[in-house]
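Since the structure comes first, as structure tokens, the remarks are kept for the end.
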Amino acid sequence: MAPLLLLPVLLLFATAADGYPSTCRNATCGQQTIAYPFWLNSSSSSSASSCGYPGLGLACEDGTTLIFLAQSHRYKVSNIDYETHTIALADADAFTTTTGCPLLDFNLTIDTISALQLSHADSNITFFYNCTKNSWSSAVELSGCPQYNKSSYVSPADDYDGEASEFGCEAAVVAPVLEIHKKGIVGVGSPPATKYVEVLRAGFELNYSPNSDQCGRCERSRGWCGYRHNQTHGGIVFSCFCDGGPTADHCGKCPSSSSPALLEIFLASEFGFQSMSSSSFG
Ligand SMILES: *[C@@H]1O[C@H](CO)[C@@H](O)[C@H](O)[C@H]1NC(C)=O
Ligand SMILES: *[C@@H]1O[C@H](CO)[C@@H](O)[C@H](O)[C@H]1NC(C)=O
Ligand SMILES: *[C@@H]1O[C@H](CO)[C@@H](O)[C@H](O)[C@H]1NC(C)=O
Ligand SMILES: *[C@@H]1O[C@H](CO)[C@@H](O)[C@H](O)[C@H]1NC(C)=O
Ligand SMILES: *[C@@H]1O[C@H](CO)[C@@H](O)[C@H](O)[C@H]1NC(C)=O
Ligand SMILES: *[C@@H]1O[C@H](CO)[C@@H](O)[C@H](O)[C@H]1NC(C)=O
Ligand SMILES: *[C@@H]1O[C@H](CO)[C@@H](O)[C@H](O)[C@H]1NC(C)=O
């Protein structure tokens with residue numbers, strides 16, 4: 001009897017797998033699984049369609065390094081936690097010099113309607129480049145920076161939004177870091193710049209959710225957000241992948257035709273065929 005009771009469950013799983021659009025299949029990059037709502041933005045698979053949230057396409061470099069591109073600035077993805085909806089990242093372009101002096105030239109700005117948002121675990125540190133003076137008591141000088149005749153500093157300031165020139169500097173960059181790592185160094189004397197660099201290297205986290213109305217609406221209708229190429233129009237268009245195929249917005253309200261049939265099989269096997277199963281297996 002036990003094997004037959006498993007049957008409906010297996011059937012349900014088979015159907016769920018069929019409902020999962022083939023474009024939403026998991027991909028891997030090195031040790032990491034790229035699963036919905038993230039998707040692999042690879043040139044080879046860009047032809048037909050992709051399944052995932054707008055803005056959550058990731059690139060796999062050399063088949064090993066997972067990269068998130070923010071306005072063409074590269075962030076290395078160290079982990080995606082699908083349970084807590086968290087992606088862990090670190091600036092991949094800040095350490096291209098061999099000096100150990102991070103050179104940031106990009107403020108990460110997170111659009112409020114984007115699928116990604118800064119997490120509560122984040123804080124900021126601020127880098128000031130090519131300064132004629134140190135205007136902050138809390139800032140420490142970055143040593144070993146090839147900054148010509150001027151100095152550069154790093155500060156624990158987390159809400160800096162001024163003009164670098166007001167402080168006698170040529171540039172300022174606000175970088176997200178994990179609060180817990182920052183706390184670990186700030187408040188225990190005056191940390192050397194190298195400690196800040198370690199904190200920067202350790203990265204930060206972003207949370208993801210279907211923040212656009214369109215994607216939220218699609219998911220609430222039990223669809224999967226994604227993209228399709230529109231032949232007539234040329235570009236890629238938002239699509240909602242449903243049991244019955246992709247739609248432009250959301251899945252139909254009526255349950256798909258296969259579901260009542262499955263329920264019948266399930267009920268029949270649970271109740272109607274029970275005596276038969278007992279007799280055939282008993
Ligand atoms: C895809 O990956 C996610 C996250 O690791 C996992 O939960 C899910 O079971 C995987 N799906 C398939 C079809 O392998
Ligand atoms: C995919 O990545 C390329 C660069 O690697 C970028 O130009 C393109 O905009 C990305 N596509 C999407 C839909 O994010
Ligand atoms: C860090 O900086 C970002 C962008 O400048 C800002 O939106 C955010 O509120 C800052 N975080 C903290 C903890 O101040
Ligand atoms: C600092 O000054 C040097 C020399 O003038 C220049 O090459 C470099 O781009 C400047 N860096 C920043 C971040 O402004
Ligand atoms: C650095 O200072 C030296 C001497 O003070 C000067 O000759 C040189 O031009 C300066 N370099 C830059 C890039 O400002
Ligand atoms: C980064 O943001 C700060 C604060 O808003 C601003 O002063 C600075 O000019 C920005 N830097 C760059 C490179 O955009
Ligand atoms: C493709 O684009 C055309 C013109 O913008 C539009 O009328 C049509 O509905 C689109 N097709 C799909 C499948 O989104």
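Computed from a predicted structure; not experimentally measured. Each ligand, and each atom within it, is numbered from 1 in the order the structure gives.
Note: His85 and Tyr208 have parallel aromatic rings, judged against thresholds of 30 and 60 degrees for the angle between ring planes. Using bins of under 30°, 30° to 60° and over 60° for the plane-to-plane angle, the ring pair Phe106/His73 lands in the parallel bin.
Nearest heavy-atom pair across Ala172 and Tyr160 is CB-CE2, 3.6 Å.
Leu118 and Leu56 fall within a single hydrophobic cluster, where Ile, Leu, Val, Met, Phe, Trp and Tyr are joined by side-chain heavy atoms under 4.5 Å apart, directly or via other members.
A donor-acceptor contact closer than 3.5 angstrom links the side chains of Glu141 and Ser151.
Not one N or O of Ser123 is nearer than 3.5 Å to an N or O of ligand 3, by distance alone. An N or O contact shorter than 3.5 Å is missing between Tyr82 and ligand 1 by distance.
For ligand 6, the 4.0 Å heavy-atom shell contains residues Asp105, Asn107, Tyr160, Asp161, Gly162, Ala172.
Taken from CG in Leu66 to CD in Gln32, the straight-line distance is 5.0 Å, to the nearest 0.5 Å.
In this structure, the ring of Phe167 has its center no less than 6.0 angstrom from the ring center of Tyr153.
Numbered from 1 in the order shown, with element, the atoms of ligand 1 that lie under 4.0 Å from a heavy atom of Ala35 read 1 (C), 2 (O), 3 (C), 4 (C).
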